[in-house]
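A, B, ... follow the sequence lines: proteins, then strands. Residue 1 opens every chain. In this text, all values refer to a predicted model and were calculated from it rather than measured experimentally.
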Number of protein chains: 2
Amino acid sequence: MTSQTETSSTELAQGMRRSVMRLARRLRQMHEESLGLTQNQLSLLGLLTGSGPRSVGELAELEKVQPPAITRTVKALEQLGLVQRSADPDDGRRAVVEVTPRGREIVLADRRRRDLWLVERLGELTPAERELLGRASVLLQRLADS
Amino acid sequence: MTSQTETSSTELAQGMRRSVMRLARRLRQMHEESLGLTQNQLSLLGLLTGSGPRSVGELAELEKVQPPAITRTVKALEQLGLVQRSADPDDGRRAVVEVTPRGREIVLADRRRRDLWLVERLGELTPAERELLGRASVLLQRLADS
DNA sequence: GTTAATGGTTAACATGGTTATCGATGACGA
DNA sequence: TCGTCATCGATAACCATGTTAACCATTAAC
């Protein structure tokens, strides 16, 4: 019993890795050519849009990257007028970054555009299949966060 | 009706994008620290292991990258003794690349290691949930390939 | 057989990650 | 209160990996 469960879990894992990695790659490609912003810049902008103002250190941790990488990206976004950097009033060392209205606008537009391809693909499925994916999506999220 | 279907498809797409991208990221991190090989090198090696000998141009197309990038990665893998490059006997311009036994070994070991984390996570789910993911995985694959 | 097309490499450059170092600010014990 | 230490962020120098442009060798075509 154990060995059979193990075997099928391995096979399931292989299948899932393949399909998830592949779909992710596809989704990533969908917003490559986006408004002149790089992948990184969009990712950071999206993060800020979702979470509100953040310090450089927090952003680094959330993006799983070292602080200098964030500094560079923030600098680029700042020059484009998409984020704004200000000193933390309580702690002069911290630099707080927040998205500007224009930045937020771009993120939302990009998200719509990115989803378009997937929405179309999903439209080709049966309602039952979509329902299945909806339930699976919750599980995937749980796996990713665990 | 249409508008309701459309709305839920949009929501489904958003949820799926989030969960798929996140899980993919997590899976990718799992084999970062792998034997001194970079992400790229492992990816190319995996491709070659799965598909047999390929020309540089084919590899570039499969990896969605320009030929010079392949040339560089192949050169590195060749120096490590993980791939072998030879001239196509029918067309002296083409360079055919194939994985060596040692390269193949590394790919398989890496795959096992990468799957380990996911297998463990899947083990925490109920059988019904695993079954659901198995069916969803097939759909994801189809979406990615369409 | 000369010319054009094709496959791959090389060179020069851009982007984005890293570590090491430093300046400025905040925290804390003598 | 002051001197020391820790922490945050920025800068510099380096590496990995993508790009385009130019070039070489080989094949194809007239």
Judged by each residue's nearest nucleotide on DNA chain C, which is more toward the 5′ side, A/Asp90 or A/Lys64?
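Of the two residues, A/Lys64 wins.
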
Closest-nucleotide mapping onto DNA chain C: is A/Val65 or A/Asp91 further toward the 5' terminus? I mean the 5' end.
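On the 5' side of the pair lies A/Val65.
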
Under 4.0 Å: is that the gap between some side-chain N or O of [X] and OP1 or OP2 of [N]?
| X | N | value |
| --- | --- | --- |
| B/Thr38 | D/dT17 | yes |
| A/Lys75 | D/dG9 | no |
| B/Arg54 | C/dG8 | no |
| B/Ser55 | C/dG7 | no |

In whole angstrom, give the distance that lies between atom [atom1] of [X] and atom [atom2] of [N].
| X | N | atom1 | atom2 | answer |
| --- | --- | --- | --- | --- |
| A/Gln79 | C/dT15 | CD | P | 12 Å |
| B/Ile70 | D/dA16 | CD1 | P | 17 Å |
| A/Arg94 | C/dG23 | CZ | C1' | 19 Å |
| A/Gln66 | D/dT11 | CD | C1' | 15 Å |
| B/Gln39 | C/dG16 | CD | C1' | 15 Å |
| B/Leu42 | D/dT17 | CG | P | 11 Å |
| B/Leu37 | D/dT17 | CG | P | 10 Å |
| A/Leu44 | C/dG17 | CG | C1' | 14 Å |

Keeping A/Arg54 on the side-chain end and A/Val96 on the backbone end, is there a donor-acceptor pair under 3.5 Å?
no

Pair B/Ser43-B/Glu63, side-chain donor/acceptor within less than 3.5 Å:
yes

Of the candidate nucleotides [options], which contains the atom at the shortest distance from the side chain of [X]?
| X | options | result |
| --- | --- | --- |
| B/Arg93 | C/dT25, C/dA5, C/dG16 | C/dA5 |
| A/Thr71 | D/dA10, D/dT26, C/dG8 | D/dA10 |
| A/Pro68 | C/dA20, D/dC8, D/dT26 | C/dA20 |

Could you tell me whether the side chain of B/Asp110 reaches within less than 4.5 Å of the side chain of B/Leu37, counting heavy atoms only?
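No, side chains not in contact.
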
If you measure from the Lys or Arg side-chain nitrogens to the Asp or Glu carboxylate oxygens, is any gap between B/Glu129 and A/Arg142 under 4.0 Å?
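Yes, this pair counts.
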
Classify the side chain of B/Arg72 and the base of D/dG18 as holding, or not holding, a donor-acceptor pair under 3.5 Å.
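Such a pair exists between side chain and base.
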
If the test is side-chain contact (heavy atoms from CB on, under 4.5 Å), which one of B/Val83, B/Leu82, B/Leu77 qualifies with B/Gln41?
B/Leu77

